[in-house]
K.L.:
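Please find one structure pasted underneath; my questions will follow.
The basis for the numbers below is simple: all heavy atoms, side chains too, and nothing from hydrogens, waters or symmetry mates. Below, chains carry the letters A, B, ... as their sequence lines are ordered, and counting in each starts from 1.
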Number of protein chains: 2
Amino acid sequence: MKSYLLETLKELALLGGIKNKIEISSFELAKQLSTSQQTASRYLVELDKKNMITRELGVKKQLIIITKEGEKQLYDEHMQYQQIFELTDRIIFKGKVISGLGEGRYYTEQPSYVEQFKKKIGFIPYPGTLNVEIEYVEKNKLRLLKDQRAINIDGFNTKNRSFGSVKCFNAKINSLDGAIVLPNRSHYSNVLEFISKFYLREKLKLKDNDNVKIIIYFKN
Amino acid sequence: MKSYLLETLKELALLGGIKNKIEISSFELAKQLSTSQQTASRYLVELDKKNMITRELGVKKQLIIITKEGEKQLYDEHMQYQQIFELTDRIIFKGKVISGLGEGRYYTEQPSYVEQFKKKIGFIPYPGTLNVEIEYVEKNKLRLLKDQRAINIDGFNTKNRSFGSVKCFNAKINSLDGAIVLPNRSHYSNVLEFISKFYLREKLKLKDNDNVKIIIYFKN
DNA sequence: ATTACTAGTAAGCGAGTAT
DNA sequence: TATACTCGCTTACTAGTAA
């Protein structure tokens, strides 16, 4: 939706247009929007065409009520502002399932990691990680993670090699609980590794390139 | 601010631009906004000129951070959406002080009203009401009041005449507590009558035509 | 790769005005 | 009174491209 139409719809909502019919002339609306009567009239016609509002045109003013569809548009916008200013204990990522190189399995089966997962995040992960490639531009959001307190999984050494420490965040993938694992010694990539007590590809019927939504939660 | 600039700023905020420098090319931003690279570039230049963002232009991408001023713009917008969807226990009116006909004083001095005010809204009003004329278009908001549970002040009869019942809402005027009085037997006008235990014109140094902000609270 | 200028085109605006 | 059309003007958009 064009941004000026959303602005107009918001103005109507502020006047109570979601629950009530509001009585407003295109001239009055124009004043509210700091524009001309003609433009306000055009906006109303456009909003009407897009089924965002319903109008009862009288001889004088018009009675306007915001439709369910219009309310949904506004609510979506509201949720974005909530995300910016209120829901600062979480970050939402959109991404798609990709295949990793199978290393995830090797790591998640190390007894020392497993023990810590059980103790610190409360479950023993199904072997392997689900790799989710986030949209390139969302890499910026990853930077928000570094200021957050994470669950720390300590590194350790075996006879053969050493394993580095890892950061975890409680997370959800398509509403299912689990955690995100971020190796401490690596740059942020655009791939998130999700662990869960379930075999996710089966449980959520996921296959490569499926779109998923991941919510990462912070401790406060 | 132009609505498309606000939309752009919101997009940058969603990527974490309020607290962090975000790394984004005009091409990527264009994708997010479903527009062309040139337009995205122009938006960024405009936002920069208006001091909504600060940019560090590198050879490749650019590092962007939203300024305090930009954050304030977004927050104002957020508060409007809060008003629409969250703060449904209140309505905010802007208006200006006008002189009434002095009837307010007559009413607020009736012992039966005074007694009920004391009991039901917790204070004895300073004699008289402060009349606030709300902007014409905000009359629509008054309609929201009728669905709300109000504090009811009963009517009564004296030897000489009868006094009708009255609805009250707890309210604030410029942050000072008081109440709004709405006669039950009258159409909604564009004048709100505010009562307070203080003489408001003195306490708040108000004179005719001064702009005031009234918040009306509902019981839930 | 980028950013962002120029210039031609498209969309938006509002004065005038019909209804 | 209103709403909303036409039409000339302005603003916004994007392809091409320089830096």
K.L.:
Mind calculating the distance between CD (A:Glu23) and P (D:dT1) to the nearest angstrom?
P.N.:
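Interatomic distance, CD of A:Glu23 to P of D:dT1: 16 Å.
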K.L.:
Are OP1 or OP2 of D:dC13 and a side-chain N or O of B:Ser36 less than 4.0 angstrom apart?
P.N.:
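Checking B:Ser36 against D:dC13: no side-chain N or O falls below 4.0 Å of OP1 or OP2.
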K.L.:
Which residue pairs pass the salt bridge (Lys or Arg N to Asp or Glu O under 4.0 Å) test when at least one of the two sits in residues 35-45 of chain B, sequence neighbours left out?
P.N.:
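Applying salt bridge (Lys or Arg N to Asp or Glu O under 4.0 Å) to every pair that reaches into residues 35-45 of chain B, excluding sequence neighbours, yields B:Arg42-B:Glu46.
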K.L.:
For D:dA2, take OP1 and OP2 only and decide whether either is under 4.0 Å from a side-chain N or O of A:Ser26.
P.N.:
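Answer is no, no contact under 4.0 Å.
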K.L.:
Can you give me the dot-bracket string for DNA chain D, 5' to 3', counting Watson-Crick and G-U wobble pairs with both distances under 3.5 Å, using [ ] for crossing pairs and | for partners on another strand?
P.N.:
.||||||||||||||||||
K.L.:
C:dA4 base to B:Gln37 side chain: any donor-acceptor pair below 3.5 Å?
P.N.:
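Side chain to base: pair present.
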K.L.:
Would you mind reading off the distance between A:Phe27 atom CZ and C:dG14 atom C1', rounded to a whole angstrom?
P.N.:
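Checked: the CZ to C1' distance equals 13 Å.
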K.L.:
Does a side chain donor of either A:Asn51 or A:Thr67 reach within less than 3.5 Å of an acceptor in the other side chain?
P.N.:
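Checked: A:Asn51/A:Thr67 side chains show no N/O donor-acceptor pair below 3.5 Å.
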K.L.:
Round to the nearest Å and state the distance from A:Tyr136 atom OH to C:dA1 atom P.
P.N.:
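Distance check: A:Tyr136 OH to C:dA1 P gives 13 Å.
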K.L.:
State whether B:Lys10 and A:Glu77 are salt-bridged, where the test is any N-O pair (Lys NZ or Arg NE/NH1/NH2 against Asp/Glu carboxylate O) under 4.0 Å.
P.N.:
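Looking at A:Glu77 together with B:Lys10, the answer is yes, because their closest N to O distance falls below 4.0 Å.
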K.L.:
Given C:dT3, is OP1 or OP2 found less than 4.0 Å from the side-chain N or O atoms of B:Ser41?
P.N.:
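For C:dT3, OP1/OP2 do not have a side-chain N/O of B:Ser41 under 4.0 Å.
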K.L.:
Under the criterion side chain to side chain contact (heavy atoms under 4.5 Å, CB included), which of A:Leu142, A:Ile214, A:Leu145 is the partner of A:Ile91?
P.N.:
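That would be A:Leu145.
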K.L.:
Please give, in whole Å, the distance from C:dT6 C1' to B:Arg42 CZ?
P.N.:
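Rounding to the nearest Å, CZ of B:Arg42 and C1' of C:dT6 are 13 Å apart.
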K.L.:
For DNA chain D, whose closest nucleotide is more 5', that of A:Glu28 or that of B:Ala40?
P.N.:
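Residue closer to the 5' terminus by nearest nucleotide: A:Glu28.
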K.L.:
Between atom CD1 in A:Ile24 and atom C1' in D:dT3, what is the gap in whole Å?
P.N.:
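So the two atoms are 14 Å apart, to the nearest Å.
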K.L.:
Looking only at side-chain N and O atoms, does B:Thr35 come under 4.0 Å of OP1 or OP2 in D:dT14?
P.N.:
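Yes, because at least one side-chain N or O of B:Thr35 sits under 4.0 Å from OP1 or OP2 of D:dT14.
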K.L.:
Any side-chain N or O of B:Lys2 below 4.0 angstrom from OP1/OP2 of D:dA12?
P.N.:
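Answer yes for this pair, as a side-chain N or O of B:Lys2 is under 4.0 Å from OP1 or OP2.
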K.L.:
Mind calculating the distance between OH (B:Tyr4) and C1' (C:dG12) to the nearest angstrom?
P.N.:
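Nearest whole value for this atom pair: 11 Å.
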K.L.:
Check whether any side-chain heavy atom of A:Ile24 sits under 4.5 Å from a side-chain heavy atom of B:Val137, and report yes or no.
P.N.:
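Yes, at least one pair of side-chain atoms sits under 4.5 Å.
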K.L.:
Have A:Ser3 and B:Ser3 got a donor and an acceptor in their side chains that come within less than 3.5 Å?
P.N.:
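Indeed, the side chains of A:Ser3 and B:Ser3 share at least one donor-acceptor pair under 3.5 Å.
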K.L.:
Whole angstroms only, please: what is the CG-P distance between A:Leu57 and D:dT3?
P.N.:
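Interatomic distance, CG of A:Leu57 to P of D:dT3: 8 Å.
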K.L.:
Is any side-chain N or O of A:Gln38 under 3.5 Å from a base N or O of C:dG12, one able to act as donor and the other as acceptor?
P.N.:
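Between C:dG12 and A:Gln38, which were checked side chain against base, a qualifying N/O pair under 3.5 Å is absent.
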K.L.:
May I ask you to evaluate whether A:Tyr43 reaches the phosphate of C:dG12, defined as a side-chain N or O under 4.0 Å from OP1 or OP2?
P.N.:
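For C:dG12, OP1/OP2 do not have a side-chain N/O of A:Tyr43 under 4.0 Å.
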K.L.:
For the pair A:Thr8 (side chain) and A:Tyr4 (backbone), establish whether a donor and an acceptor sit closer than 3.5 Å, ignoring hydrogens and angles.
P.N.:
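At least one qualifying donor-acceptor pair exists.
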K.L.:
Let me know the distance between CG of B:Leu29 and P of D:dT14, rounded to the nearest Å.
P.N.:
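Those two atoms, CG and P, are 13 Å apart.
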K.L.:
A:Phe163 ring centre to A:Arg161 NZ or CZ under 6.0 Å, with the angle to the axis within 45°?
P.N.:
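Yes.
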K.L.:
Would you classify B:Leu44 as touching base, sugar-phosphate or nothing, given that sugar-phosphate means primed atoms plus P, OP1 and OP2, and contacts are heavy atoms under 4.0 Å?
P.N.:
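Answer is nothing: B:Leu44 stays at 4.0 Å or more from every strand.
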